[in-house]
Amino acid sequence: MDQDKLRRGIIPGIIAGYLFLAFIGASMVPGGLNVTSDDAGMVTAVEQGGAMMNAGMLEMVGGMIGADAFIGFILHIIISAVIGALYTGIYLDVAKNALDNPFMLIAVGGLIYGVIWWIIGGLIIMPTIAGGDLLQINLNSPSLFGHVMFGHALAFLVVIRDAALGMGDDE
């Protein structure tokens, strides 16, 4: 496996990992924040300890190794870097052969890559470690949308960076 290709995906993977966390509203505050707004969208109340669905996501990731939310955050960023490296090291060549257009690489290739990691991470690895049921598919899940957004963001960042720096096809 080409080490340079792997390295090219680390930074885009980290950035996409941050975007994933922002998208699903992950918080290191136990119990999360419950934000209430009026019809015009103005914030009217912020309460700690609310029932935000993803507030404990980082605690859950950290819990995979018996740690807290801060370590969960660090672990999530490391996992994002590894997944980014695998994108440029393995997946990108396959996707470029199937999708000869950069826009299709972002739209379709990113979607597929995100869904692959939702299945591997969200439906297999997390339930296995947490003792839950495997492959409990919820198509209205923030995790699904977060992973798809991650895949799109990763593909977009790699395509834009490669185009700007003249990387990719001529290597």
For Asp93, check side-chain hydrogen bond (donor to acceptor under 3.5 Å, both in side chains) against everything at least two apart and list the hits. Lys5
side-chain hydrogen bond (donor to acceptor under 3.5 Å, both in side chains) against Tyr87, all qualifying residues, sequence neighbours excluded: none
Among the clusters formed by ILVMFWY side chains lying less than 4.5 Å apart, do Leu157 and Ile160 turn up in the same one? yes
Would you say Asp100 has more than 12 foreign heavy atoms packed within less than 6.0 Å of its CG? no
Under a single-linkage definition using a 4.5 Å side-chain heavy-atom cutoff for Ile, Leu, Val, Met, Phe, Trp and Tyr, are Phe70 and Val61 assigned to the same hydrophobic cluster? yes
Would you name the heavy atoms of Leu99 and Gly109 that are closest together and state the gap between them? CD1-N, 3.5 Å
Contacts table for residues 119-126: side-chain donor-acceptor under 3.5 angstrom, sequence neighbours left out:
none

Does any part of the side chain of Pro12, heavy atoms only, come nearer than 4.5 Å to the side chain of Arg161, both counted from C-beta? yes
Of the non-hydrogen atoms in Gly13 and Leu154, which two are nearest, and what is the gap between them? N-CD1, 3.6 Å
Restricting to salt bridge (charged side-chain N to carboxylate O under 4.0 Å, His left out), what partner residues turn up for Asp68, sequence neighbours left out? none
Answer yes or no: is there a side-chain heavy-atom contact under 4.5 Å between Leu105 and Leu92? yes
With a cut-off of 3.5 Å and sequence neighbours excluded, list every side-chain donor-acceptor pair involving residues 71-86.
{"from": "Ser80", "atom 1": "OG", "to": "His76", "atom 2": "O", "distance (Å)": "2.9"}

Using the side-chain hydrogen bond (donor to acceptor under 3.5 Å, both in side chains) rule, collect all pairs that involve residues 116-126, keeping only residues at least two apart or in two chains. Tyr113-Trp117
What pairs of donor and acceptor atoms, side-chain ones from residues 144-153 against any protein atom, are under 3.5 angstrom apart with sequence neighbours left out?
{"from": "His147", "atom 1": "ND1", "to": "Ser143", "atom 2": "O", "distance (Å)": "2.7"}
{"from": "His147", "atom 1": "ND1", "to": "Ser143", "atom 2": "OG", "distance (Å)": "3.4"}
{"from": "His152", "atom 1": "ND1", "to": "Ile106", "atom 2": "O", "distance (Å)": "3.0"}

Other residues, nucleotides, ligands: >12 heavy atoms within 6.0 Å of Tyr91 OH: yes
Considering the options Asp162, Asp2, Thr88, which one meets the side-chain hydrogen bond (donor to acceptor under 3.5 Å, both in side chains) requirement together with Arg8? Asp162
Quick one: salt bridge (charged side-chain N to carboxylate O under 4.0 Å, His left out) partners of Arg7, sequence neighbours excluded? Asp4
